[in-house]
Undergrad: 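To start, I am sharing the structure in question, which I have written as structure tokens.
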Amino acid sequence: MTKKKANYGNSQTNERKTIKKLKRGFAYKLFYQLGVWTQNASLNDYYLAVSYTVRDRMQQLFINTIRAFQQKDSKIVSYLSAEFLMGPHLHNNLINLGIYDQVAQAAAESGLDLQQIIDHEEEPGLGNGGLGRLAACYLDSLASLEIPAIGYGIRYEFGMFDQAFDNGWQKELSDRWLQPGNPWEFKKADMAVEVGSGGYTEQYKDDHGKLRVRWVPGKLVKGIPYDTPILGYRVNTVNMLRLWSAEAPKSFDFAEFNVGDYLGAVHEKMLAETISKVLYPNDEQSHGKALRLYQQYFFVSCSMQDMIRIHLFQFENLDNFSDKFAVQLNDTHPAIAVPEFMRLLVDVHHYDWDSAWEIVTHTFAYTNHTLLPEALEKWPVAMLAGLLPRHLEIIYEINRRFLDLVRLEYPGDVDVVRRMSIIDETGERYVRMANLACVGGHAINGVAQLHTKLLKEHTLVDFHRLWPDKLINITNGVTPRRWMVVSNPRLSQLIRSAIGEEWITDLKKLQALEPLAEDSAFCEKWQQIKFANKQDICTMFACKQGPNYNPQALFDVQVKRIHEYKRQHLNLLHIVTLYQRLKNNPELDIPPRLFIFGGKAAPSYFMAKLIIKLINSVAEVVNGDPAVNKRLQILFIPNYNVQIGHIVYPMADLSEQISLAGKEASGTGNMKFAMNGALTVGTLDGANVEIREEVGAENFFLFGMNVGEVEARRAAGYNPQDIYNENKELHAAINLIATGHFSHGDRELFRPVIDSLLKHDPFMVLADYQAYVDCQQQVGEVFQDPQRWTRMAILNAARIGKFSSDRSITEYCRKIWQVKPFPVALTLQRVPDGGIKFPKRKEIVRT
Ligand code: 26W
């Protein structure tokens with residue numbers, strides 16, 4: 001079947017026609033949809049008008065895709081995630097549609113600056129960090145690979161907080177992302193579903209005399225879906241991101257109102273809406289809040305009911321459900337889907353337990369994203385008993401049957417039973433969501449080779465022993481569309497002119513750049529582009545304390561959530577060491593360096609917030625010190641998010657990936673930096689190991705202990721104080737902080753950081769300090785040889801192909817989902833003026 005590609009403006013006339021239609025679209029949206037005319041239109045009005053016009057061009061494909069997926073032979077991937085860190089849509093959609101230039105021209109001819117409109121978009125910050133952004137990259141690859149897919153999540157009214165600095169301290173501001181209007185979503189009110197909570201369960205005999213259980217919830221809320229089209233790169237497939245928003249079944253209780261209880265009248269409404277009100281800003285730390293559990297259950301129940309509805313629209317029953325839907329659990333956050341699907345199959349669709357379990361285990365698969373014990377979710381049994389009484393019953397039954405199997409496998413081994421049980425019998429008793437996800441699915445995967453190895457050897461060792469083939473590795477990846485084409489147009493253009501553009505959908509094709517690493521003209525252009533990208537950020541961020549940031553400097557960048565295992569404070573100890581060296585010897589032969597930080601701390605994470613204050617305090621002193629600030633500068637970019645990521649990855653020379661070996665599951669920023677020609681200084685942790693394998697050890701600055709050495713050092717009894725006593729420079733650096741040099745003499749302010757480092761140092765900062773400082777010395781020397789540096793940078797980009805999210809998704813399709821691409825044919829015919837000829841309405845069809 002020849003796939004007719006939607007053609008977008010190729011010949012000159014067509015080009016003009018497209019530009020004319022776009023300009024008319026802007027004016028039409030402005031006037032008819034937004035009710036303003038050019039004279040009084042605001043920048044936000046123009047942003048909305050341009051976005052609606054662009055959205056229209058995705059609409060035909062969107063409807064086509066939905067119709068195509070309704071055919072019996074398609075299998076759909078459902079990606080269940082509590083977070084989707086999508087980033088701004090407009091620029092990405094222009095690139096995937098292939099109409100960026102035309103829209104830029106149409107905007108210019110309408111007196112508008114497209115870049116200004118693009119920068120105006122308020123990004124949907126519906127995620128914390130790695131996990132949420134990975135989900136977004138995967139949606140882009142699923143659509144670009146023409147895999148039928150639906151992303152299911154929560155439409156938080158308030159996303160990730162906006163970060164500002166107040167005297168160097170993080171300040172959290174609420175993220176009013178919906179306030180300016182969101183042109184990219186369609187509210188589907190008539191697709192609402194109901195979700196229960198609380199109440200009780202009761203047994204009853206059904207009309208065949210069969211004993212059944214029903215849940216009688218105490219409360220009901222409505223789940224309203226909002227659909228965002230996810231267009232693939234230059235294909236006809238437009239998949240869907242369906243985000244659920246909670247509303248009260250009855251948003252206004254007149255009876256209450258009549259008796260004058262105005263608050264009572266809207267009480268239900270307020271309660272219901274709190275469910276999808278705000279994203280929990282905790283990254284890698286589970287706080288066990290009941291609202292968080294209910295947020296998880298809410299979107300999971302909406303999504304499972306929605307998939308059943310779509311399935312029963314095509315088929316009589318749910319027998320073949322797992323042939324039609326492959327459901328991926330993005331960490332344990334949606335793991336309540338296992339008992340929820342059992343409830344829907346057994347209690348609502350009257351399947352017997354075994355056939356229901358068969359369907360459930362063939363449908364679900366679970367991805368683990370962290371080894372940190374404090375991030376593994378476990379919910380108090382009592383909380384589940386109150387909120388989800390029927391699910392607790394089902395979890396008990398799942399566990400009873402599972403432990404029978406475990407006892408059979410390991411007769412008499414009570415410890416393995418205790419460890420593998422879904423119920424943690426200690427303390428107030430808990431439900432272990434990771435165990436539930438492992439038992440309730442047919443596959444488990446880690447997100448990098450080392451991470452998966454550690455899961456097999458530690459965190460999930462019992463499950464790996466019981467089911468040796470169930471735990472597999474699928475190393476993370478990132479989409480080259482957003483992280484190269486959208487965010488680094490200069491470099492993408494250079495690469496296009498050198499090797500064509502197939503690399504955009506087949507990143508391994510970047511290998512063709514290898515020979516150009518020896519080509520001085522190409523290297524020259526490469527350097528100019530990096531320099532231009534660096535200049536951008538120097539104009540964007542003026543240095544408040546000292547001279548402007550110097551684009552000649554080595555841009556040494558660490559952007560990621562602030563967390564002690566990611567060791568931003570190790571980076572800082574190196575900076576203080578360099579500062580002292582320069583103070584002691586102004587002639588020191590090192591290249592000028594600009595240290596750039598970005599990252600938010602979870603509001604309740606005291607040490608992370610103190611590390612932010614410490615970095616900003618050191619920045620204030622160093623940037624303000626004329627003796628060093630021409631050679632050493634620090635910039636902490638506030639409110640690091642996807643939009644900031646667009647400017648950060650292209651301008652970096654050095655990518656800091658310095659977590660303690662065994663702690664970072666994978667990392668994805670490491671991939672984005674290397675793709676944009678930055679060299680990595682890093683440990684053998686997460687995907688760093690595979691990046692170094694791909695780019696070559698000679699093109700990677702490795703330092704520090706590997707996992708085995710960390711374990712050995714810990715087993716041998718690690719005392720950081722010894723290192724502090726022995727290492728002069730480290731001693732001096734720590735003392736400079738401790739004596740208040742960066743805190744106006746206040747010796748108390750940073751004591752918690754110092755004490756933690758000298759007493760426990762849980763992430764062995766001191767143990768890796770000297771190796772890190774020595775490695776950074778090497779980095780400086782190589783940077784002073786631009787030819788060598790550029791050659792290494794080009795080889796990094798040329799060999800980074802493996803880390804495309806297209807490769808990851810292709811692996812998921814082959815190893816877990818058994819799904820094939822399902823190219824979408826354009827069935828809805830165009831009529832001459834570009835509109836749509838709607839098929840005769842046979843009857844009102846509703847999914
Ligand atoms: C319950 C609170 C909570 C919230 C988020 C616990 C754990 C999480 C996520 C799993 C944290 C996260 O984003 N992990 C990161 O996932 C990335 C994508 O796989 C990896 O690249 C990072 O290494 C990992 O830290």
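Just so you know, ligand 1 is whichever comes first in the structure, and atom 1 is the first atom listed for that ligand. Everything numeric here is computed off the predicted structure, so don't read it as measured data.
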Undergrad: Quick one: does ligand 1 sit under 4.0 Å from the side chain of Asn128, the backbone, both or neither, non-hydrogen atoms only?
TA: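 Looking at Asn128 and ligand 1, no heavy atom falls under 4.0 Å.
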Undergrad: Please write down residue, atom name and distance for the protein heavy atom closest to atom 23 (O) of ligand 1.
TA: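 Looking at atom 23 (O) of ligand 1, the protein heavy atom closest to it is Glu664 OE2, 2.6 Å.
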Undergrad: Just need the protein heavy atom nearest to atom 5 (C) of ligand 1, so name the residue and atom and give the distance.
TA: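 It is His333 CE1, 3.6 Å.
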Undergrad: Could you identify the single nearest non-hydrogen protein atom to atom 20 (C) of ligand 1 and state the distance to 0.1 Å?
TA: Gly667 N, 3.7 Å
Undergrad: Can you report which non-hydrogen protein atom sits closest to atom 19 (O) of ligand 1, along with the distance?
TA: His369 ND1, 2.6 Å
Undergrad: Any salt bridge linking Arg292 with Glu377? Criterion: basic side-chain nitrogen under 4.0 Å from a carboxylate oxygen.
TA: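 Here Arg292 pairs with Glu377 in a salt bridge, since their nearest N and O are under 4.0 Å apart.
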Undergrad: Give me the one residue out of Asp556, Asn571, Asn688, Leu654 that meets side chain to side chain contact (heavy atoms under 4.5 Å, CB included) with Val681.
TA: Leu654
Undergrad: Mind checking whether His451 has a heavy atom under 4.0 Å from ligand 1?
TA: no
Undergrad: Report the nearest protein non-hydrogen atom to atom 13 (O) of ligand 1: residue, atom name, distance rounded to 0.1 Å.
TA: Leu131 N, 2.9 Å
Undergrad: Which of the atoms in ligand 1, numbered in the order shown and given with their element, are less than 4.0 Å from a heavy-atom of Asn282?
TA: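 Result: 2 (C), 3 (C), 4 (C).
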Undergrad: Please list, in number order, the atoms of ligand 1 under 4.0 Å from a heavy atom of Gly130.
TA: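 So the answer, numbered in order with elements, is 13 (O), 16 (O), 17 (C), 18 (C).
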Undergrad: Considering only heavy atoms of Asp283, which atoms of ligand 1 have at least one such atom less than 4.0 Å away?
TA: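 Contacts of ligand 1 toward Asp283, numbered from 1: 11 (C), 12 (C), 13 (O).
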Undergrad: At a 4.0 Å cut-off, with the gap strictly under it, does some heavy atom of Arg561 reach an atom of ligand 1?
TA: no
